Every structure is written in structure tokens, then in C-alpha cells.
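Input: a single structure, listed below in C-alpha cells.
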2 protein chains.
Amino acid sequence: MKRPMRSVTGPRAAASPRPTIKDVAARCGVHPSTVSRALSPAMKHLVADDVAARIQAAANAIGYRLNMAAKGLRTGRSGLIGVLAPDIADPGFPPVLSGIADHLNAEGYATIVVDVGSKGSEQDLVDRLIARGVDGLVLATVTLRDDVVQHCQDAALPVVLVNRVDAAGLLPSAASDDAAGMRLAVEHLVGLGHQRIGHVAGPQHISTGARRRAGFEASVRDAGLPARHAPIEIADAYTRAAGREAALRLLARRTRPTAIVAANDLLALGVYDALAARGLACPGDVSVVGHNDMPFVDLVSPPLTTVRIAQRDMGEAAARLLLARIADRGVVDDHIVLAPQIIIRGSTSAWER
Amino acid sequence: MKRPMRSVTGPRAAASPRPTIKDVAARCGVHPSTVSRALSPAMKHLVADDVAARIQAAANAIGYRLNMAAKGLRTGRSGLIGVLAPDIADPGFPPVLSGIADHLNAEGYATIVVDVGSKGSEQDLVDRLIARGVDGLVLATVTLRDDVVQHCQDAALPVVLVNRVDAAGLLPSAASDDAAGMRLAVEHLVGLGHQRIGHVAGPQHISTGARRRAGFEASVRDAGLPARHAPIEIADAYTRAAGREAALRLLARRTRPTAIVAANDLLALGVYDALAARGLACPGDVSVVGHNDMPFVDLVSPPLTTVRIAQRDMGEAAARLLLARIADRGVVDDHIVLAPQIIIRGSTSAWER
DNA sequence: TCTGTTATTGCAATCGATTGCAGAGCCGGA
DNA sequence: TCCGGCTCTGCAATCGATTGCAATAACAGA
């Protein structure tokens, strides 16, 4: 009776409307609430086994699928998680995203990825996610002192950082041990006999930039190198071009470093460019170490020696952390740090002179 | 000050519940329906200007945000689009995704990306997206003859393919002109004097694999090369390892090709591996051409000559196509094909002997 | 002054699922 | 035979927003 009515009323009525819990109920001669219970693992124990089975069967028969929007409206949980990424196209990010999404997926959550590119304010993007009712946010974008964080606090939205930390260390995060990574790099070079090691640092308002720089300074100090033998130039973005510029400045110094540690593989590739521009050989004249071990850096020439960080694990850890926060808002803030590993390839060699 | 307060009141009680349309209504002394109209661009003309302004102000004042779940429930449109990707970590995909997401975002849609990795059946993933009420799907995974397509048809769900086409050409799609791409590659090599050109083809159940192969065959024929001088080996996946195996088979042939066209950059890198394994130089002994121009292939050694496809545009076109379908289900199916471009780098050189 | 518009606003049903509460039926024990 | 207690199911309210319809007011024209 209802159907015909509808098709008269509207243009798109032809497509059979998705079956609802009511349809299943009608087919089984039970009340919708019973169907709801039978189909919910948590409430299933409240309904008789045979009835539950009948309902299950009917649901399958007519291809019933739960409507998440309706459920979300009633329960206040959407099962949606937002992920803010600085740039999806950055080759470093997909593995992290994959780790996040896989874990969340397994737990029944769906992931909305938002690229915070040139687009309007990050605030606004967050607001749109809030409008969608996300249950939490994974931020891969946060700078050391960031408004977005406060914004989320105000909205009482669970948040975790991935591959970043905030200045105050207030937010839970999953990140690589930046200091340890730099130590691996510096010790590798020192072990090869290098005495003058430069650093192309990343932007200092990003935690990886600041922390890797600090790690570099500490490692170099511990290795007994005087500061003037460990010059630092800061790149203003994590790009190949910025790496090139910074490296050129480093190479222009009075005492040229025999090795350069870059804060990031992209920067390291920029260092390659700079060396080429100056007619210097790598690793013959200058050894280079990167950071992140992003895909295909083993294929560049020379294959890049770099610090591998556990990106997938990082993503998964972040997801787990977020879920824990969502489940119990009183949980202690956690900082998961993942151990890096140095991958020695062809861009570093012994220095003997 | 804020934190303690919150923790005193209880784990989540303190967080003031998100203001609803009712709160705004109460604050303005009007009925919720009036608020709804005032805040909806399409219905705004129904409410007096001064009232609308008052409502706007109040909404801003208390930080009101529309609840998409509720709206979606009522209107039947979620503003969510699902994207099925074969593998997010594949460096070829992010640019496409970025194109899709940016366009959809600008139109007010949010994108849920699902990695169809080792995970359970694709059907199931689609069902979960349907449960979330997605308004449409972008499929980057479809094989030539695929159940998923039928599944979506059954669900009356608008679908577009990206970087793929279906065997029957029934579905709208945005893809690169594979035949033209292969023609560019072959003509480039023929122009360099190559007379024996091999092809490492991609999996034949994927449209790019089949179409690029066909394009190769046609181009080679048109160039006047006999088929026996244009051997083909099929890789069983788009991976570096599979490319290596196929290339090894190609190199083992009686008359070794002097150039190899790979269906994909990843396969081309596998060809590099095979050449290295056989002690052959590229491009000295064998020239290599890839396809896609994925990030950083300009940095490998030698820099890869490859066919660049317009990935970002492809994503954007797919998004536009999908939105058109959603707006008007009767729209004619469209196949958008994007023109490729050859990027000549260091992996190809003249053949003179 | 009366009638017919037109411009605004309110009312109430609705989307689909969840859940506290109440009622029905049944069992065993006294 | 009656009662407490248990299991299972139904009822109805609810989540937040939208929208067809009705109601009111204001206003123009006759």
C-alpha cells in the first residue's frame, strides 16, 4: 500500500528502498525492537535462540543492512574517525594511513581522510568533521603550537597525534624516536671516520624538525665533535627544493662537511641535487644519510642510507591509542615511541684522509 | 582550570552536549523548523530577513553545527562517497585520490577511503559502505569482469571507475588513453632506431594491463615491426618482483630485445633489476620505458623515461562524473579519457648497430 | 468594510534504530 | 494453589533535522 503511494509521489521511487528493521520484523511477525536486539551482539542474549535465528535468516533473505546514520543518531557514536594529513601525496604518509585505516577498519570504524592542502583553514575542516559526528581525530599535521588542538579540546573530541608531538606533550601520540634515529645516523658516520658532519634540519615549528635537530646536536656532542664541526642549516619545508637550498648553504661553509644528515628523505634528495650542482660525488666527497626510508629511496643513485621508521606500526599505534581514548576518556595520556633502525646503503662510505 | 572542572563532573558529562537546532530556536524564540529553514540556503527565502539574521547570529554565538547524521537520516543523502583503492601505499594512487578528494570536498562531500588489501571480500567492504549510506562509489580496483559492479547495480548505487574500465564499457569511467600512451612509447623507441622491442605486460584481467598490451601490439604493427620482433611477457602483478621475472623471461629469448616497454613504472623498475641480474646496462644494452610517471622515478638510476598520465585530473574527472550521476541518475554513461604524455629521461637511448 | 492574496511561521510526522520500562508467560518451591 | 523470580517480547520515547500542510497576519483591491 505504501510503495505505490510513494512511486506516485516521487521521481526516484523506482529503486526498491533499502529494507529496514521494520521489514525484517514484519516478515518474522515480531516487533522491531526484537529485531534490533537479535541483530546486536551485545543484546542478543535477551532474545530466544530460535527467534534470533529466524530473524537472522529473514535479515539475510531480504538483504537487510543496518543504517549507520540512524544508529549513530540514536547512540551518539558515528563509528567515523577523521584523519588530517598534511599531504596525501607525500610518499611518507600512505604507510601511516594504511596502518591507521586497517586497524580502525578491523574495529568497525571507517576513516575519513582530509588533505589539509592549500584548502581553507584547518579549523574549518575540523568543524566539518565534527558536523559529520566523528568519534575522534588523528592529527598528522599538528605543529608544535597549534590552535587546532585547543579547538578539539573545546569540542571534547578525542584526539591523537601521529608522527608528531605537541610542545607541551599533553596529547597522546605515536611517533618515532627522533633522537635515537639521529643517534643511529651520527654514530654510523662517526664509525666511518667522519669528523665534520652537517645537518639539514627540517622546519623547526614541526616536532620532527625540532626533535631531530636536538637529537643531532646531542649525538654530535656525545661523539666528541666540536660544534663548529657540526654545522646546521634549516630547510623551511620538507621538500626536495628546500633541502637543496639548505645543503647549498652548508656546502658553502668554510670547512665543508664530509657528511650530511638530513632530517628527512625528501631533504636528502635535495642534498643530492645540491651535490650534483656543486660537482661533488656522493658518497665519494660527501656521505648522505636520510630519515624515514620512504619507498624507492633504495632505487635512487646512489641508494640512500637512511633511518627507517616504523610507519605502519606508528599508524596502528595511533589508531589503538585513539580507540582507547574513545572507550574511556579518563585514560592517561600515552606517548608511544617506536624504535627506528638504520638502513645502510650506498650513500655513505668511510672517510679517510 | 578547565581540565579539573571537567574531571570532577565525571568522565564525559561535563562536555556540554553539542547545541542542536532546538537550542538555537529557544534562544531566538522561534520554532525549530524556522531555524532549519533559515540555515538552509535553499529554504532561506521562506523566512523573514531580520529573523534569519537573528537566527544566524544565535547559531554562531552558541557554536551550532548541523548534525549530518540526522540530516542524512531524514533526507536519505549522506554526503559521503566511498573510494575503493587496491592499495593506498602504491605510489601511483595518492595523486588520484587527492584529485578525487579535493573535488568532492569542494562540493561538500566527504570521502571514505578503503584499502582493499588482504582484507575480507570486496563485497563485504562495499556492504559496509552501503551501511554507512554512501551516496556513490569510486572504484579504482575493478577487474575486467567483476562481481562488485553487479553488486552495486543491485544496490542502485551510483558508481564510477577510475584508472580502469569494465569489459563491457557499461560504467562511466575516467582513465588515461592507454593505447595512445603505448604508441608514444613505441614511437619514441622506433625513432631512436630500435627494431626489437619487448613488452612486459601487466595482469590481463586488469583493464590497463589488457589495453596497454593491445596498444603495444597495434603500435608495433603500425611501425612495421614483425610480431616476432615484439615479444610479450605477462607479469602476474603490478609489482617490481613480477616485473623482474617477466623481464628475465624476455631477456632469455633467442633474439634479445634492445628495448623494453613496461606496462607500469613498478614493472619497469623490475626490468632494471632483471637487467642488473643479467649484467646488462641500461640504456647501453637495453632501453626501458615505463608508464605512469610515478613520483621519484626521475631519481632512480638511470632516470626513467616514462609515459606520464594525468592522475590528478583523472581523479577529479571521476569525482565530477560521479556527482553528475548522483544528481541525475538518467545521465548518459561517460568515458573520460585523458591524454598521456611521454617524458624522456635517461633510460632510453639511440640504437645503432 | 469585505475578500483574496501573499508572506511568514508553527505544527507534527518522518527518517531507522536503540533502549528503559512494563507486561506476559512460565517455572519451581512452599 | 499461590507467589517470587526469571526469561522473553512489546511499547513508546528518543536522537536531530526536514518538510508538507495548516494557520496566522498583513495587505491590496474592490
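Computed from a predicted model, the values in this text were never measured in an experiment.
To the nearest 0.5 angstrom, A:Leu97 atom CG is 8.0 Å from B:Asp115 atom CG. Taking CD1 from B:Ile112 and CG from B:Leu129, the interatomic distance works out to 6.0 Å, rounded to the nearest 0.5 Å.
Salt bridge annotation for B:Arg320-B:Glu316: present, with a cationic side-chain nitrogen under 4.0 angstrom from a carboxylate oxygen.
Of all the residues in residues 52-59 of chain B, not one reaches under 4.0 Å from DNA chain D with any non-hydrogen atom.
Counting only heavy atoms from C-beta outward, the side chains of B:Asp127 and A:Arg65 approach each other to under 4.5 Å. No side-chain heavy atom of A:Val149 sits less than 4.5 Å from a side-chain heavy atom of A:Leu170.
Between the NZ atom of A:Lys71 and the P atom of D:dT14 there is a distance of 21 Å, given to the nearest Å. If you take CZ of B:Arg77 and P of C:dC15, they are 18 Å apart, rounded to a whole angstrom.
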Report each atom pair, protein N/O against N/O of nucleotides 24-28 of chain D, whose distance is under 3.5 angstrom.
none

Measure all distances between protein nitrogen or oxygen atoms and nitrogen or oxygen atoms of nucleotides 10-13 of chain C, and list the pairs falling under 3.5 Å.
residue, atom, partner, partner atom, Å
C:dG10, OP2, B:His31, N, 2.9
C:dG10, OP2, B:Thr34, OG1, 2.6
C:dG10, N7, B:Arg37, NH2, 3.0
C:dG10, O6, B:Arg37, NH2, 3.2
C:dC11, N4, B:Ser33, OG, 3.2

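Residues B:Arg18 and A:Ile130 share a closest heavy-atom pair of NH2-O, 3.4 Å.
Residue A:Thr20 places its side chain closer to C:dA17 than to any other of D:dA17, C:dA17, D:dC15.
In summary, of the residues considered (A:Val159, A:Leu137, A:Val114), a side chain to side chain contact (heavy atoms under 4.5 Å, CB included) with A:Val126 occurs for A:Leu137 alone.
Other residues, nucleotides and ligands place no more than 12 heavy atoms under 6.0 Å from the CG atom of B:Asp49.
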